[in-house]
Amino acid sequence: MVRFKNRYVTVEIDCPMIPDNKPLHLKPKIFHDTVMNKIQQLHGDFGVAAVTTGFLTKYCNETTRIAIIRSRHGPHKFVISSLPFITQIGKLHVKLKTLHVGATLKHSFKFIQKHQRMYLDRMWSKLRTDEERQKLEAAVMDFTKTDVAINIENIS
């Protein structure tokens with residue numbers, strides 16, 4: 001039996017049209033399709049064929065605008081090289097920044113916890129009531145925002 005190594009790419013989605021305190025309404029399926037289309041443009045059929053197996057959008061948080069993409073080790077370089085060239089997702093004009101590339105999902109979530117804790121510190125000064133702060137903290141630290149339907153169809 002062969003063990004396949006994966007890489008988890010943590011991406012920050014920067015959208016200047018929408019303020020930081022508003023959630024970004026972005027579905028993982030649209031994000032997934034946009035990345036695959038850009039890989040097709042830049043690397044052609046070879047890039048798409050190499051990346052398709054094992055390519056999943058594991059996590060997408062609309063509040064902090066962070067996503068995690070899983071790809072196989074090796075073809076993950078096609079994914080990483082394509083991310084800076086994505087300028088539009090759906091109707092949103094965006095800029096993608098690669099924050100972290102990790103070998104395990106656990107280490108990626110540890111990195112995200114540190115990153116989101118810094119995000120909370122910046123945003124807390126802008127909120128007035130404790131209730132708003134608690135709602136923001138619950139939304140930011142929620143690690144369950146995963147689109148299961150897209151992941152189930154791409155698992156094979």
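Rounding to the nearest 0.5 angstrom, the gap separating the CG atom in N6 from the OG atom in S108 is 10.5 Å. For the atom pair OG1 (T57) and CG (L26), the distance works out to 9.0 Å, reported to the nearest 0.5 Å. Note that the OG1 atom of T10 and the CZ atom of F109 stand 8.5 Å from one another [nearest 0.5 Å]. Considering CD1 of I69 and OG1 of T98, their distance stands at 8.0 Å, rounded to 0.5 Å. Of the inter-residue distances, the one linking T64 atom OG1 with H115 atom NE2 reads 8.0 Å to the nearest 0.5 angstrom. A distance of 5.5 Å separates OH of Y59 from CD1 of I112, quoted to the nearest 0.5 Å.
H93 and C15 make their closest contact through O-SG, 3.5 Å (heavy atoms, listed as atom of the first residue, atom of the second, distance). Contact between H76 and H73 at its shortest, heavy atoms only, is CE1-ND1, 3.5 Å. Of all heavy-atom pairs spanning T52 and M36, the tightest one is OG1-CE, 3.5 Å.
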* Could you please spell out the steps behind the side chain to side chain contact (heavy atoms under 4.5 Å, CB included) verdict for Y8 and H100? => CA-CA 8 Å; Y8 296 91; H100 181 259; over 6 Å; no

* To do: Walk me through it: do I13 and F31 pass the test side chain to side chain contact (heavy atoms under 4.5 Å, CB included)?
  => CA-CA 10 Å; I13 305 163; F31 181 70; 4.1 Å; yes

* What's the verdict on side chain to side chain contact (heavy atoms under 4.5 Å, CB included) for F111 and I66, showing C-alpha distance, side-chain angles and the deciding distance? -> CA-CA 11 Å; F111 175 80; I66 291 182; over 6 Å; no

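Between R65 and I18 there is a side-chain heavy-atom pair separated by less than 4.5 Å.
The aromatic rings of F78 and H43 sit tilted, their planes meeting at an angle between 30° and 60°.
By the criterion of side-chain heavy atoms lying less than 4.5 angstrom apart, applied directly or through intervening Ile, Leu, Val, Met, Phe, Trp or Tyr residues, I89 is not grouped with L42; the two fall into different hydrophobic clusters. Both V51 and F46 are part of a single hydrophobic cluster, where members link through side-chain heavy atoms under 4.5 Å apart.
Remark: the K110 side chain and the Q113 side chain contain no N/O donor-acceptor pair separated by less than 3.5 Å.
For the side chain to side chain contact (heavy atoms under 4.5 Å, CB included) test with S71, the passing option among V35, V79, I80 is V79; the others fail.
Counting only distance, with no hydrogens or angles, the side chain of H32 and the backbone of I30 share no donor-acceptor pair below 3.5 Å.
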